[in-house]
Amino acid sequence: MSLDLLAPEAHRWLTGPVPDGTRVVVAGVAGGVGTTTVAALVGRMLDGRCALLDHSGGRLHARAGSTSSRGPVVVHDLGPHALAGESPALEDPGAVIVLVCASHTAGLAAAVRAFETLEPRSPGLHGRALIVPVAVSGPGLGARELTGPVPVLGLPRSRALAAGGVLPPLDRDLRATRAAGVIGAEVVRRARWVATVG
């Protein structure tokens with residue numbers, strides 16, 4: 001896989017070091033918002049340097065096209081459990097948290113609500129979290145609407161990603177690939193922050 005399709009800044013973050021022991025927890029605010037797809041894309045952007053941990057026992061590995069269970073980084077697909085109350089994985093002060101929501105006003109509001117619910121129980125969450133609205137149908141939120149208490153990085157609607165099954169090759173949808181690169185780079189940036197302050 002070539003990350004050369006990405007913007008130079010994302011490429012720099014993604015090809016640099018990722019702290020050993022990094023844990024990335026990807027949690028959706030509802031079912032069907034793209035949590036497994038985002039987790040698989042983060043794994044792909046980390047270019048094989050990660051183990052995949054799945055809440056459902058197999059969909060993440062099938063989506064990523066990988067059976068990787070070892071690596072210095074763990075990407076954990078928690079499924080649609082960001083608003084389901086207490087979760088030790090979401091409260092881990094050493095984990096990077098990716099909250100996934102639908103790319104519309106109500107979806108983003110649910111992700112912000114999940115963040116605000118987690119914040120008192122999860123030290124340093126501002127430095128470790130990001131929100132990813134996924135445009136499953138329609139155009140999704142515009143750039144000016146992508147605001148929240150932490151970085152909000154949208155994943156645009158993509159027919160290639162919506163097709164299901166194994167993630168398509170990076171060059172099938174450059175817009176989605178570049179967005180995934182930005183998301184992956186932000187995960188790495190936040191993982192380095194956790195390693196520095198943790």
Residue pair S158 / R172, side-chain donor-acceptor N/O under 3.5 Å: no

- request: Look at E9 together with R12 and state whether they make a salt bridge at an N to O cut-off of under 4.0 Å.
  value: yes

In Å, rounded to the nearest 0.5 Å, how long is the span from [atom1] of [X] to [atom2] of [Y]?
| X | Y | atom1 | atom2 | answer |
| --- | --- | --- | --- | --- |
| L90 | H81 | CG | NE2 | 10.0 Å |
| T35 | L78 | OG1 | CG | 9.0 Å |
| M45 | E186 | CE | CD | 15.0 Å |
| H76 | C50 | NE2 | SG | 13.5 Å |
| L52 | L60 | CG | CG | 4.5 Å |
| D92 | L125 | CG | CG | 11.0 Å |

message: Looking at R175, I want to see if its CZ is surrounded by more than 12 non-hydrogen atoms of other residues, nucleotides or ligands under 6.0 Å.
response: no

Please tell me if the side chains of [X] and [Y] come closer than 4.5 Å, counting only heavy atoms from C-beta onward.
| X | Y | result |
| --- | --- | --- |
| L161 | L155 | yes |
| R192 | P17 | yes |
| I131 | C101 | yes |
| R63 | V166 | no |
| L46 | V188 | yes |
| V194 | P19 | no |
| V33 | V134 | no |
| H126 | P149 | yes |

message: Go through it in stages, so that I can follow the logic: the residues are V24 and V98, the test is side-chain contact (heavy atoms from CB on, under 4.5 Å), and I'd like the CA-CA distance, side-chain angles, deciding distance and then a yes or no.
response: CA-CA 7 Å; V24 181; V98 180; 4.0 Å; yes

Can you hop from [X] to [Y] via hydrophobic side chains spaced under 4.5 Å?
| X | Y | value |
| --- | --- | --- |
| I97 | L146 | yes |
| L108 | L118 | yes |
| L53 | V38 | no |
| I183 | L167 | yes |
| L153 | V96 | yes |

query: Could you go step by step and tell me if V152 and V150 meet the side-chain contact (heavy atoms from CB on, under 4.5 Å) rule?
result: CA-CA 6 Å; V152 179; V150 293; 5.5 Å; no

Show the nearest heavy-atom pair for residues [X] and [Y], with the distance to one decimal.
| X | Y | result |
| --- | --- | --- |
| P80 | G31 | CB-N, 3.5 Å |
| A102 | P133 | O-CB, 4.1 Å |
| E116 | P120 | O-CD, 3.2 Å |
| A114 | V29 | CB-CG1, 4.2 Å |
| A89 | V25 | O-CG2, 3.7 Å |
| G34 | V100 | C-CG1, 4.0 Å |

Would you find a donor on one side and an acceptor on the other, under 3.5 Å apart, between the side chain of [X] and the backbone of [Y]?
| X | Y | value |
| --- | --- | --- |
| R128 | R190 | no |
| E91 | P88 | no |
| D54 | R59 | yes |

message: Let's go through R49 and V18 carefully: what are the C-alpha distance in whole Å and the side-chain angles of both, what is the deciding distance for side-chain contact (heavy atoms from CB on, under 4.5 Å) to 0.1 Å, and is it a yes or a no?
response: CA-CA 9 Å; R49 295 180 282 174; V18 181; 3.5 Å; yes

